[in-house]
Each structure stands twice: as C-alpha cells, then as structure tokens.
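Just below is one structure, and these are the notes that go with it.
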There are 2 protein chains.
Amino acid sequence: MCDGYDPAKCTTVSEMLARLGDKWTVLVIMMLDDGPQRFSDLKRMVVGVSQRMLTLTLRALERDGIVERTVYPTVPPRVEYALTDLGRSFSVPVKALGGWVFANHDNIQTARVRFDNRLPDSSAKIGKAA
Amino acid sequence: MCDGYDPAKCTTVSEMLARLGDKWTVLVIMMLDDGPQRFSDLKRMVVGVSQRMLTLTLRALERDGIVERTVYPTVPPRVEYALTDLGRSFSVPVKALGGWVFANHDNIQTARVRFDNRLPDSSAKIGKAA
DNA sequence: CAGTATCCCGGACGATACTG
DNA sequence: CAGTATCGTCCGGGATACTG
C-alpha cells in the first residue's frame, strides 16, 4: 500500500490501524455512531472497560479529531462525547471491515479448525520441485 | 456494530482487528497482494521485521485462511507464501481503510496539532448548561 | 533457507485510591 | 460525575543462538 507513497502517510496508517486494533476503540466508535453519549453511559455500554482505559481511548480519539468532547458546566459535571464529521467518515470503512468479517465469519472459522486439526506432518501444501 | 448480532461473530471481528493492529500483519498482506513471495524475500521487503515475528505473523494469517504456505521439497528448502481467495477478498476493505487514512491524513495531522497546542484551560468545548 | 527455542525488556492494561 | 495518580501484571515483540 505504501510503495512509492509518502512515508509520513504510511506512518499515520500504521498508527490508525494500531488504534483500531486496541481493545476498546472500535467499541467506543460503534457506541458513538448511534449518537452522543455521556462518559458514564459509555462506561456502562462498553462492558468491561475500566475508567482509565475509557479515558485514554476517548483522549486518543479526540486528539485525532474523531470524537469531540463537550463539557456542560453543571455540578456534578456532565461531559458528552460525539463523533465529529471526520469520525463519522472514518466509521464508514471501519464498518465495512467489520461487515467483511461478519460475512466471512464461517470461512475464517472453518480455516481455523482445519489448521488446528491437521497433523504435524501434513502441515503444508507441497509444491512441485522447482 | 454488534448490537443484536451473534456474539461469536463480534469476537471474530475483535480478533481480526487486533491482528490488523499488530505491527506487521498489514505490511505482510500488502507485500503478498503483489503476488506470492518466499520467506526470505518477505523478510527483506518488510523492513525491520524479525525472523520470529515474520513466522508468527504468517502462521496466524495461515490459520485464518488468509495466506497459503507452499513448501518446495528442495534443498535448501524453499517456501512460498501467497494470499488465498479469502485473503485477496480481505485485502479489499483493508486497503479501503488505508485509503481513507491517506485521503484524510491532513485532517488527522491538523487535529493532532490543535490538540497538542491548546492551553490546558481552553481544553474543551463548553456546552450550554443543561 | 526457513524455521524453532530461549531470554529479556518495555509498554499496554487492569485495579485501586484519591479529587474538583 | 468525570476524571487523575499510582502500582503491579502480563505479554508482544526484539535479540540471539541453534537445527533439519
């Protein structure tokens, strides 16, 4: 993908992929795709996330311009998170990827079972000698 | 994405995202997208990858049915890796995601600079009190 | 050539406690 | 309510050495 392309852009691609690959980012984006949410609501919706990791995940997404943080000066404080235009745009290819996995779930599972069950010797396709 | 969906499929989505997010997987897929490659050639093309990590990355992709491993019974051994049909199919949404980051590279960078340069107090949008 | 085995380190992440 | 601070654990991944 990055042959002959701007190395800086390739770095950004890696960074965004690493972000998507972490434990909570995609879940948070999916929750916000349905509309803005408060911090505590997100914490409840994204089952299993710690306060710390939710904060870190949201900060990183905010830094990249994917989510916007809005503070309402009430007491107790109320903070809402929402996808930005960039974030909604980003969610399109992300959901496409998720859709592909859904569509090919059975293919992947079948491949895994085959791989895990095959004997140590029959472990590879044999090519014709050069 | 996973509301009301099969939890097993959601798990698979997370697993595939985690794989894409690791350090070498996407690079390997991109290299193989241009055609089959030998182990040693991949090692040279994917700059910086260790022998160990290239092996682990390829094994994981093979297990998921994304790449196929072919051994030529010569001496010294010759092993070729190629994308399967499933792998070529997978590379489509992956490249779409990469394309999005390329297209929005400047937006992301601008957002980061804004975030990193703003003062600690002006750090958030202020909403109207509920 | 194409691996596997072993050791080791740094960072991701969870748990917990504290605060405006 | 929405954080920040601190500590401890686990494991991803690099370096190196060995092998069919």
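Side chains are part of it too, since the values below use all heavy atoms of this structure and drop only hydrogens, waters and symmetry mates. Sequence lines set the chain letters: A, B, ... in the order given, protein chains first and strands last, and positions in each chain run from 1.
The distance from atom CG of B:L56 to atom P of D:dA15 is 15 Å, rounded to the nearest whole Å. Regarding B:L54, its CG atom lies at a distance of 13 Å from the C1' atom of D:dG13, rounded to whole Å. Atom CG of B:L42 is separated from atom C1' of C:dA2 by 12 Å (rounded to the nearest Å). The separation between B:Y72 atom OH and C:dA2 atom P is 12 Å, rounded to whole Å. Atom CE in B:M45 sits about 14 Å away from atom P in C:dA2, given to the nearest Å. Between the P atom of C:dG3 and the CZ atom of B:R78 lies a distance of 13 Å, rounded to the nearest Å. Taking atom CD of residue B:E62 and atom P of nucleotide C:dG3, one finds them 9 Å apart after rounding to whole Å. Straight-line distance from the CD atom of A:E80 to the P atom of D:dA2: 9 Å, rounded to whole Å.
Looking at B:V71 and A:K125, their side chains never come closer than 4.5 Å, going by heavy atoms from C-beta outward. Side-chain contact between A:L58 and A:L42 is present, with at least one heavy-atom pair separated by less than 4.5 Å. Inter-residue side-chain proximity for B:F115 and A:E62 is flagged as met; some heavy-atom pair is nearer than 4.5 Å. Taking the side chain as every heavy atom from C-beta outward, A:Q37 and A:M45 approach each other to under 4.5 Å.
Where B:Y81 and A:G48 each meet DNA chain C at their nearest nucleotide, the meeting point lying more 5' is that of B:Y81.
The 12-atom threshold is not exceeded at CZ of B:R114, counting heavy atoms of other residues, nucleotides or ligands nearer than 6.0 Å. The local environment of CZ in B:R59 is crowded, with over 12 non-hydrogen atoms from other residues, nucleotides or ligands closer than 6.0 Å.
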Using the side chain to side chain contact (heavy atoms under 4.5 Å, CB included) rule, take A:L20 and B:L97 through it: C-alpha gap first, then chi angles, then the decisive distance, then the call. CA-CA 11 Å; A:L20 286 181; B:L97 197 57; 3.4 Å; yes
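Remark: DNA chain D forms stems of 3 or more consecutive Watson-Crick or G-U wobble pairs, all pair distances under 3.5 Å, at C:1-20 with D:1-20.
At a threshold of 4.0 angstrom between heavy atoms, the contacts of A:K23 are confined to the sugar-phosphate backbone, with no base atom among them.
Residues that satisfy the ring-ring contact (aromatic ring centres under 6.0 Å, His included) test with A:W100, not counting sequence neighbours, are B:F90.
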Do any N or O atoms of the protein come closer than 3.5 Å to N or O atoms of nucleotides 4-9 of chain C, and which pairs are they?
none

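Relative to the side chain of A:R69, the nucleotides C:dC13, C:dC1, D:dG3 differ in distance, and D:dG3 lies closest.
With no hydrogens or angles considered, a side-chain donor-acceptor pair links B:D22 and B:T25 at under 3.5 Å.
An OP1 or OP2 oxygen of D:dA2 is reached within less than 4.0 angstrom by a side-chain nitrogen or oxygen of A:S40.
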